[in-house]
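Notes follow the structure.
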Amino acid sequence: MAYDKFDILKSTAVPLPIENVDTDQIIPARFLKATERVGFGENLFRDWCYNSDNSPKTDFILNNDTYSGKILVGGKNFGSGSSREHAAWAIYDYGFRCVVSSFFADIFKNNCLNIGVLPVQVSPEFLQQIFSAIEANPKCFFSIDLPKQKISIDYSGISESFHINPYKKANMTNGFDDIDYLLNIKREIKKFAQDTPL
Amino acid sequence: MKKTLFDKVWDKHVVQQIDQGPDVLFIDRHMVHEVTSPVAFLGLKNRKIKAMYPERTFATADHNTPTINQHLPVMDPLSAKQLDALEKNAAEHGISFWGLGHEKNGIVHVVGPEYGITVPGATIVCGDSHTSTHGAFGAIAFGIGTSEVEMVLSTQCILQPKPKKMRITINGALQKGVTPKDVALFIISKLTTSGATGYFVEYDGDVFKNMTMEGRMTLCNLSIEMGARGGMIAPDEKTFHYIKDREFTPKGAAWNKAMNYWQELYTDDGAKFDKEFLFYGNEIEPMITFGTNPGMGIGISKSIPKANTIEGGADTYQKSLNYMGYNEGDSMIGKEIDFVFVGSCTNGRIEDFRAFAKIVEGRKKAENVTAWLVPGSHNVEKAIKDEGLLDILEASGFELREPGCSACLAMNDDKVPKGKYAVSTSNRNFEGRQGPGSRTLLASPIMAAAAAVTGKVTDPRTLIN
Ligand code: SF4
């Protein structure tokens with residue numbers, strides 16, 4: 001079993017209303033030198049969190065105690081840029097289990113799904129409602145119901161459904177990963193490999 | 001049924017279709033480097049398994065290697081540890097490893113084609129998003145995450161939903177001074193950095209047919225910057241000629257068998273794409289970026305667009321201009337610069353250095369500019385010397401460094417200092433990409449050359465004889 005099962009998540013959320021948040025912002029390249037998957041959370045949004053002398057930038061949202069939770073809400077085109085899974089690891093390691101945006105970059109989304117972070121794509125309107133709800137009350141709760149594929153703003157009850165590939169959904173709810181699946185069909189893969197032209 | 005080029009290659013590699021799920025896709029060739037692989041190898045170790053087909057995987061060290069004194073031990077302990085881990089992992093699993101100092105060492109996407117690892121009709125993956133480069137040969141090539149690196153090592157497959165298909169056609173001819181890099185930056189400026197998200201792109205039309213293989217690689221390399229999974233160009237005589245007799249390309253009967261397959265690799269007349277774009281070569285000018293993503297590019301004669309003419313958030317746009325220290329309405333021509341970087345898997349091949357040398361020949365590097373010229377591989381480095389380009393560069397006051405990714409992502413010491421401007425031939429101008437606080441202007445090798453000799457942003461066409 002590769003990671004925790006994902007079922008229903010109820011949590012407050014951290015808003016990051018910036019578009020095109022790229023992987024170099026999520027985790028700058030100079031923090032990719034690990035040979036194990038530990039400690040990436042400390043460097044999440046490193047250059048937005050800290051000045052060059054390592055003092056915290058007090059105006060950045062992650063340094064503001066008012067906001068906390070297991071849900072990160074980002075602007076459109078979240079996760080563009082590199083294929084580094086370290087970006088998803090940093091988000092997971094920091095304590096987020098779900099990222100909400102109106103649009104995700106492809107590889108980033110895949111990487112999230114592969115490591116147990118749920119990417120929830122909502123409409124631009126719903127995203128605005130989420131940002132407004134947090135602005136009105138930073139402690140407001142959201143529910144992310146993976147089995148029902150529904151995200152709701154708890155106090156108002158407003159909700160929207162989201163899409164997820166059924167196979168990926170089953171994996172997330174069971175905490176399985178793709179490698180478990182592939183290892184189970186190794187014999188078929190071997191047979192296939194014999195006839196490839198290259 | 002009528003099929004696109006992409007369909008033909010994809011369908012040939014589907015081992016199994018999972019009901020309502022992704023396809024199990026067989027991977028012909030897998031490239032590995034030091035940064036995104038250690039955790040994947042660790043995964044294999046934890047599962048107590050070995051690489052399934054080690055002969056299909058190739059490892060090179062490039063991302064955090066120094067570009068001077070490569071014969072000395074690597075100073076940075078963390079980088080040294082990653083390089084060491086790759087060497088050990090490769091040995092343990094029986095994977096070819098071209099480490100620092102090895103004659104075949106270089107940037108993963110430069111050495112792949114050089115040694116014939118890259119062939120048409122193949123599926124090629126690597127834990128680096130610019131794997132899309134290899135699409136230039138008519139391969140399906142794309143970047144993957146570390147979990148997927150582990151999948152490929154352990155089962156030679158990954159699970160992928162089939163992307164949608166897009167065709168970008170550019171007909172007509174390019175104007176003087178317009179290079180493949182400009183074509184790519186032009187397309188990204190039109191489509192934005194998310195315009196092709198969810199799609200695999202096929203490039204078609206006169207402009208791509210007339211491009212060299214190097215140019216096609218530059219183009220396909222940048223597909224990822226418009227959000228696409230990858231981009232590809234149908235193989236033609238130029239492609240076959242390029243790959244023939246390289247070390248890892250099929251030989252003899254295997255070549256003929258492969259040829260039978262390769263000759264079918266084109267989009268059938270009437271095959272359907274989910275989205276199509278059509279442009280003309282003469283619309284394109286030499287391009288330069290002014291902002292913090294590759295879609296924020298303009299023709300060199302244009303000025304920085306006003307926020308109210310831009311789709312998307314005005315705040316994000318303004319934040320980006322503030323970071324760059326620019327104002328809407330500014331012209332880019334004459335902007336001061338501090339660094340010039342020529343290299344990366346986008347523009348670090350021999351053709352790029354030829355183009356750069358042609359402009360700087362007989363001129364001098366500007367005093368205020370620090371220039372990093374970093375060949376994409378030892379092979380490129382050797383060609384630069386053999387062709388006499390090094391003499392030209394040195395006479396103009398430039399030095400050549402040793403191969404690697406270098407300032408493309410600044411994991412080694414090649415970092416642009418905070419607040420400084422760099423005209424770079426690489427692929428990303430994100431905040432801090434070339435070092436914390438660095439400001440990047442993406443451009444072609446000849447735009448970089450023009451900047452290097454004039455000390456400011458200059459229209460390269462004014463320096464072409
Ligand atoms: S040159 Fe840059 S983009 Fe290319 S492989 Fe290296 S880091 Fe990645």
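Heavy atoms of Y53(B) lying under 4.5 Å from chain A belong exclusively to its side chain. Using a 4.5 Å cut-off between heavy atoms, N64(B) touches chain A through its side chain atoms alone. Heavy-atom distances place both the backbone and the side chain of V15(B) under 4.5 Å from chain A. Interface residue L42(B): only side-chain heavy atoms are found under 4.5 Å from chain A. Contacts of E225(B) with chain A are absent, with no heavy-atom separation under 4.5 Å from either backbone or side chain. Looking at A122(B), both its backbone and its side chain come within 4.5 Å of chain A, counting heavy atoms on both sides. Residue contact with chain A, scored on non-hydrogen atoms closer than 4.5 Å, involves the side chain of K257(B) exclusively. For S129(B), the parts lying under 4.5 angstrom from a heavy atom of chain A are both the backbone and the side chain. In this structure, chain B has heavy atoms under 4.5 Å from both the backbone and the side chain of Y167(A). Contact of P22(B) with chain A is made through backbone and side chain together, with heavy-atom distances under 4.5 Å. With a threshold of 4.5 angstrom between heavy atoms, R433(B) approaches chain A through its backbone and through its side chain. For a residue to count as touching a neighbouring chain, one of its non-hydrogen atoms must lie under 4.5 Å from one of that chain's; by this rule K190(A) touches chain B with backbone and side chain alike. Interface remark: V119(B) contributes side-chain atoms only to the contact with chain A (heavy atom separation under 4.5 Å). If you measure heavy-atom distances from N260(B) to chain A, you find no contacts under 4.5 Å at all.
Within residues 19-46 of chain A, the residues having any heavy atom closer than 4.5 Å to a heavy atom of chain B are E19(A), N20(A), D22(A), D24(A), Q25(A), A29(A), R30(A), L32(A), K33(A), A34(A), T35(A), E36(A), R37(A), listed by residue number. For residues 86-107 of chain A, a heavy-atom distance under 4.5 Å to chain B picks out H86(A), W89(A), F103(A), F104(A), A105(A), D106(A), I107(A), given by residue number. Within residues 140-164 of chain A, no residue has a heavy atom under 4.5 Å from a heavy atom of chain B.
For residues 164-173 of chain A, the salt bridge (Lys or Arg N to Asp or Glu O under 4.0 Å) pairs, not counting sequence neighbours, are K168(A)-D178(A).
With contacts defined as side-chain heavy-atom distances shorter than 4.5 Å, the pair I189(A)/M52(B) qualifies. Counting heavy atoms from C-beta outward, T196(A) and R56(B) have side chains that approach closer than 4.5 Å. Between E148(B) and N111(A) there is a side-chain heavy-atom pair separated by less than 4.5 Å. Between R229(B) and N110(A) the shortest side-chain heavy-atom distance falls below 4.5 Å.
Atom CD1 in I49(B) sits 7.5 Å away from atom CD1 in I179(A) (nearest 0.5 Å). Residue K319(B) holds its NZ atom at 5.0 Å from CD1 of I18(A), rounded to the nearest 0.5 Å.
Your options are A170(A), S80(A), A193(A), and the one with the most heavy-atom pairs under 4.5 Å with chain B is A193(A). Counting heavy-atom pairs under 4.5 Å between each of L183(A), D47(A), I115(A) and chain B puts L183(A) at the top. For chain B, the option among N77(A), D195(A), I185(A) with the highest count of heavy-atom pairs below 4.5 Å is N77(A).
The pair R47(B)-D180(A) meets the salt-bridge criterion, with a side-chain N (NZ, NE, NH1 or NH2) lying under 4.0 Å from an Asp/Glu carboxylate O.
A donor-acceptor contact under 3.5 angstrom links the side chains of E85(A) and S147(B), judged on distance only.
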